[in-house]
Structures are given as structure tokens and as C-alpha cells.
Number of protein chains: 2
Amino acid sequence: MDTKDLPANVLDPDCPSRVIFQRIGDKWASLVVQVLADGPIRFSELRKMVHVVTPKVLTQTLRTLERDGLITRTVHAQVPPRVDYELTELGASLLEPLTLLRLWAEDHVPSILKARDAYDDAQDEAFIGG
Amino acid sequence: MDTKDLPANVLDPDCPSRVIFQRIGDKWASLVVQVLADGPIRFSELRKMVHVVTPKVLTQTLRTLERDGLITRTVHAQVPPRVDYELTELGASLLEPLTLLRLWAEDHVPSILKARDAYDDAQDEAFIGG
DNA sequence: ATCCTTGGTATCCATGAGGTAACTGAGTTC
DNA sequence: GAACTCAGTTACCTCATGGATACCAAGGAT
């Protein structure tokens, strides 16, 4: 199957959309994007918002987002340095689907937790019974 | 800051919604959910759809989704065995936000690829110049 | 008897994501 | 001239994720 002329398809392992789709699931990337929803923010503030991410990992995340054109990095010629991160138009467009997903997650926490309890109980019973 | 009484918040590392949110970014989970959108499917068919995932990893993914109440697993008493996986109502409700995200990814592949090229070129120039 | 099927398990292993801690640079303040 | 600030960088380490491979169970077909 030649994939070159097909429309983008996340199920195709060779389609770049799959990589992008999975980047969204990056441990920090999607969190950072959502924090940036409130406007530009500097490195140290970002660190506080995302709660205990090490500078190395935050830098990695930010560089990746910058490379993908989702955020801009603005260095102010000051001492001590000030660097602001801001969503690009592209990055802002991701905000909408991402927010829906976040709301889904936040809304369905109880259902999922309940399902887990039920599953684990069933497992325990099977173990005792077997 | 006591988080117990706050609404679900993915930015809070102690909030279960964060774990759930990140599960969506799992390498295979969200792909599986999207394949299941077309109705129940058996293990081997699923493997083909998601393209070269090892049985171990697929099983892990499916068990996690089942535990979280997103899919059901139905074993048919046949030989050779037949096992069908199907979205639950909860799982189906995830389909909507997930699809929007997938469409976003598929739509913006060109923009992101372009941004990457520009970024990499800028890096090269900086290297030559520096 | 042996092989075929499906839907997995079991075991081992490599990769890399992410974490820790220490360090840098440059100007400003003390 | 020592210390402080911010925004990182560097080197090192750990552990979980995922992959490769082989194997298994159960019954029907040959």
C-alpha cells in the first residue's frame, strides 16, 4: 500500500500526523500549551504552573514546541535574563481540541475511577475463587 | 494548597484527571479507541489495523482500557478462540474529543512540517555563523 | 498422531524519557 | 569582589515502556 497520496491518517505508522498526534500525548507538552492559553509567560512562572518539572525537561519540551511552530520564544536583552513563551496562531488553534479533551478527562474522572474499582474487585474475586 | 475540594484540574499533579489525560497520550491507547469507533473487532483484526504492534503491548493496552471502563472484552466459547473488543458508552464518549484532536493533527501536518524545516534551517545558519 | 488456528503469556533485552545535581554567564547590587 | 538573579546547560543515572522471540492451551481437521 503506497501511502504517499493518501490523506493524513494517524493509523498509518508512516504518516507524520501520527507523530504529531503522539506529541500531544507528551507528558508535559500539552500541559504547557494549556498554561500558555492565558497569555505569554516566562520560564520560571511556567515551571511553577506545571508544578515541579525540572528545568532540563521543561527546556526540552519548549524547544520541541518551538520547533513545531506551536510557541515562540522571546529573549529580552535584560540582566537577569527574561524569556517569554507565547502561543503562535498554530499553537492557539490546538487549544480548542485540547481543551475539549481536558474537559472530558476532568468530567469523567469519577466514572473511570469507579470502573477501576469494579475491575480490581472482579480480579480479586477471580483470584480467591480460582 | 489543599487540592481535595478543588474541581478536577489537569495541572495539579495529584489530580486523577492528569493521569487520565496522559493515558490518552499513550502510544497505542488512543489509536485503539479510534479503531474501535467502527464497531466491535477481534484481537487479530485490531493488530492489523494498528499496524505492527506486538501482541504483548496490544494486550497491555487493551487491559488498561478495559480496566478504565472504556472498552469491553467478550470471549466467545469457540475453538480457535474469538475475543471481541468493543467501546463502552464511556469509551464512545471519548471518541468525540479524540476525533477532533486527530483531525487537528491531520489538518496541521503541513504547517508543522514547514515550521520544523524553518527551525532547522535557522539552527544550521546559526551554527555556520557562530 | 500431528498440525492448524486464535489469543494470548513468559522471558529477556534495548532504548530513551525523564530525573538529580552541579555548573555557567552576565550584569547588578551590596 | 562576592553574592544574587534568571534561564538555562551538562553529565550522569534510573527505571519504565515497549520490542523480539518463543512458547502455550484447546479443539478440529487431516
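Source: prediction; values computed, not measured. Protein chains get the first letters and strands the later ones, always in sequence-line order, with residue 1 at the start of each.
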- Spell out, yes or no, whether Val50(A) and Val33(A) are grouped together once hydrophobic residues are joined by side-chain heavy atoms under 4.5 Å, including indirect joins. yes
- Is any side-chain nitrogen or oxygen of Arg63(A) closer than 4.0 Å to OP1 or OP2 of dT9(D)? yes
- Message: Checking contacts here: which listed nucleotide (dA20(D), dG8(D), dT5(C)) is nearest the side-chain heavy atoms of Thr59(A)?
- Response: dG8(D)
- dG7(C) phosphate, OP1 or OP2: any side-chain N/O from Arg42(B) under 4.0 angstrom? yes
- Query: Taking the nucleotide of DNA chain D with the closest heavy atom to each, which residue, Pro55(B) or Thr61(B), is nearer the 5' end?
  - Reply: Thr61(B)
- Query: With no hydrogens and no angle check, do the side chains of Asp12(B) and His51(A) hold a donor and an acceptor under 3.5 Å apart?
  - Reply: no
- Message: Under 4.0 Å, heavy atoms only, any strand: does Ser44(A) hit a base, just the sugar-phosphate, or nothing?
- Response: sugar-phosphate
- Message: Any salt bridge linking Asp68(B) with Arg23(B)? Criterion: basic side-chain nitrogen under 4.0 Å from a carboxylate oxygen.
- Response: yes
- Verify the contact: side-chain N or O of Arg47(A) to OP1 or OP2 of dC6(D), cut-off strictly under 4.0 Å; return yes or no. no
- Query: dA7(D) P sits how many Å from Arg82(A) CZ, rounded?
  - Reply: 8 Å
- Query: For dG19(C), does OP1 or OP2 lie under 4.0 Å from any side-chain N or O of Lys27(A)?
  - Reply: yes
- Message: Without decimals, in angstroms, what is the distance between Arg23(B) CZ and dG18(D) P?
- Response: 11 Å
- Give the rounded distance in Å between these two atoms: CG of Asp84(A) and P of dC6(D). 14 Å
- Query: Roughly, in whole Å, what's the span from CG in Asp26(B) to C1' in dG18(D)?
  - Reply: 10 Å
- Expressed in angstrom and rounded to an integer, what is the separation of Leu46(A) atom CG from dA7(D) atom C1'? 12 Å
- Task: Take the protein atom CD of Gln78(A) and the nucleotide atom C1' of dT5(D), then report the distance between them rounded to whole Å.
- Result: 12 Å
- Closest non-hydrogen atoms of Thr88(A) and Ile71(A), given as atom of the first, atom of the second and distance, are CG2-C, 3.7 Å
- Ignoring the backbone of Trp28(B), work out which of dG8(C), dT20(C), dG18(D) is nearest its side chain. dG18(D)
- Query: Is there a side-chain polar atom (N or O) of Lys56(B) under 4.0 Å from OP1 or OP2 of dC12(C)?
  - Reply: no
- Item | Donor-acceptor contact below 3.5 Å, side chain Gln34(B) vs main chain Thr99(B) | no
- Task: Select from Val83(B) and Pro81(A) the residue whose nearest nucleotide in DNA chain C is closer to the 5' end of that strand.
- Result: Val83(B)
- Item | Of the listed nucleotides dA7(D), dA20(D), dG19(C), the one nearest the side chain of Thr54(B) | dA20(D)
- Using atom CZ of Phe43(B) as one end and atom P of dC24(D) as the other, report the distance to the nearest whole Å. 19 Å
- Message: What is the distance, to the nearest angstrom, from the CD atom on Glu66(B) to the P atom on dG7(C)?
- Response: 15 Å
